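Note that this is a predicted model, so its numbers are computed, not measured. Order of the sequence lines sets the chain letters (A, B, ...), proteins ahead of strands, with each chain counted from 1. Side-chain atoms are counted along with the backbone in the values below, which use heavy atoms only and exclude waters and symmetry mates.
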Protein chains: 2
Amino acid sequence: MADTKKPAMSASKAEILDAAAEVFMRLGADTASIDDVARQLGSTKGRIYHHFPSKGVLLAEVCLRAADFVLQKVPPVIAPDAAPEENLRQMVLTHIPEVLRTLPYHKVIIQSYVGVQQKSTTALERELFAQIQQERKAYENLFRNVLQAGMQDGSFRTQNTSIAMQSLLLLINAPVFWYRPRADEPETFVAELSAQLADMALASLR
Amino acid sequence: MADTKKPAMSASKAEILDAAAEVFMRLGADTASIDDVARQLGSTKGRIYHHFPSKGVLLAEVCLRAADFVLQKVPPVIAPDAAPEENLRQMVLTHIPEVLRTLPYHKVIIQSYVGVQQKSTTALERELFAQIQQERKAYENLFRNVLQAGMQDGSFRTQNTSIAMQSLLLLINAPVFWYRPRADEPETFVAELSAQLADMALASLR
DNA sequence: TTGACAGCATACTCAGTAGTATGTTTGCCT
DNA sequence: AGGCAAACATACTACTGAGTATGCTGTCAA
């Protein structure tokens, strides 16, 4: 495996990624123009093209950051000695709030999950999208492993693992499709939502 | 409620919709051009613009057809006197094969579920997208009703109905994201897949 | 037979957009 | 002080792609 360093992103670059995620979410990554992102920043194209060589790379880095968010939060809550059910519950309870905290990023990466093949003309873009796919598979395997462990020790019923994993992942990402933060929303809403989805997820496997 | 007639589409128009669904699925509705759709048909733009006033209307009619597919198959299997659990099972077992049979259409309509606001400049486009949203809500209500019935008679656990319904709908649409028909796939695969997802869906609610 | 219309193809226009080339400013190091 | 590079802004180019205007061909009714 190659180096898995974090290049320590500059503040300006992070600000651009935030704006891009916001705009790509609202207009769609294809429809939105670089000028749209610049307008969201209150600046011009020059700033963006100074930090990113192309629109495709900008999009790829938004998606990559989306994957990184959950990959930094979820693995630490997995306890090797804990029961699969408890592990899965903690994973879901960690995943959902983190996803909703960084919602625009995940709304963007989900656009690519629909199966639209990236055009990816340049080599750098292809490399980045390959890296995204790799991180996605790594994240999937976290869930696949806990699923298999649960089926082995009898806490989960035996069924096709791939189908169960895909369904589970989509279930815990469901709020990305419909959730919209509201001002009058109770402080505890996200936690309660996560708990309900964790219950549903676990129940669906028993 | 307005008239719910079926305008009896011409064969050529249906062929264009099939091609558009296929191309929009592959390239994304935004990225794909009208010329791409024409090339898929082995013809030129002229044919498409003879039947559809704009790209937006073409996209809307693809989405509308996607909604119609399931709306024609699922409601008939709902038996007013049957138990909610049995009704829901039949709905899922009908929904999934129909969706996979008309997969390109549903891959296109899912692109719009991500929340990308349509530009919809013309009045006709706005009307069509309003109609799509209306049919979507009608379809959601089929599931909302059976959920509430099940919670009332105790076959389903009591929980937030909207969250449960959204999660359920996404769960049964999960195969749209990952399923790809394969030549070496067993004849019974779709049926088995549907059965597994129906089990998961029902279990998640108990 | 003819005209009139449906059903396309061909050949354009024109607006928007990715990308580039070239200024301009602002720290920062020596 | 002064120079130098990072971090932008400005002003272009070239091209793609939606939409249009118009031409062509078969079919069918009167």
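- Chain B approaches DNA chain D within less than 4.0 angstrom (heavy atoms of the protein), and the contacting nucleotides run 5' to 3' from D:dG17 to D:dT20.
- Under the rule for a side-chain contact (heavy atoms from CB on, under 4.5 Å), B:A130 has no partner lying at least two apart in sequence or in another chain.
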Can you give me the N/O atom pairs linking the protein to nucleotides 16-18 of chain C at distances under 3.5 Å, or say none if there are none?
residue : atom : partner : partner atom : Å
C:dA18  : OP1  : A:K55   : NZ           : 3.2
C:dA18  : OP2  : A:I34   : N            : 3.1
C:dA18  : N7   : A:K45   : NZ           : 3.1

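- Scored by the ring-ring contact (aromatic ring centres under 6.0 Å, His included) test, B:Y49 finds no partners at all (sequence neighbours excluded).
- Pairs of residues two or more places apart, or lying in two chains, that qualify as side-chain hydrogen bond (donor to acceptor under 3.5 Å, both in side chains) and include a residue from residues 50-60 of chain B are B:S54-B:E125.
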Show me the side-chain donor-acceptor pairs of residues 162-170 of chain B shorter than 3.5 Å, one per line, residues at least two apart or across chains.
residue : atom : partner : partner atom : Å
B:S162  : OG   : B:R144  : NH1          : 3.2
B:S167  : OG   : B:I163  : O            : 2.7

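- Distance check, rounded to the nearest 0.5 Å: SG of B:C63 to CD of B:E135 gives 11.0 Å.
- Of the residues in residues 57-66 of chain B, none lies under 4.0 Å from DNA chain D by heavy-atom distance.
- Rounded to whole Å, the distance from NE2 on B:H51 to C1' on C:dC8 is 8 Å.
- Between the CD1 atom of B:I16 and the P atom of C:dG7 there is a distance of 10 Å, given to the nearest Å.
- Listed by chain and residue number, A:Y139 satisfy the ring-ring contact (aromatic ring centres under 6.0 Å, His included) test with A:H95 (two or more places apart in sequence, or in another chain).
- In this structure B:A82 satisfies the side-chain contact (heavy atoms from CB on, under 4.5 Å) test together with B:A79, B:N87, sequence neighbours excluded.
- By the side-chain contact (heavy atoms from CB on, under 4.5 Å) test, A:A19 is found to be paired with A:V37, A:Q40, A:L41, residues two or more places apart in sequence or in another chain being considered.
- Partners of A:F156 according to the ring-ring contact (aromatic ring centres under 6.0 Å, His included) rule, which considers only residues two or more places apart in sequence or in another chain, do not exist here.
- Residues meeting the side-chain contact (heavy atoms from CB on, under 4.5 Å) test with B:P80, sequence neighbours left out: none.
- Neither OP1 nor OP2 of C:dA9 sits under 4.0 Å from any side-chain N or O of B:H50.
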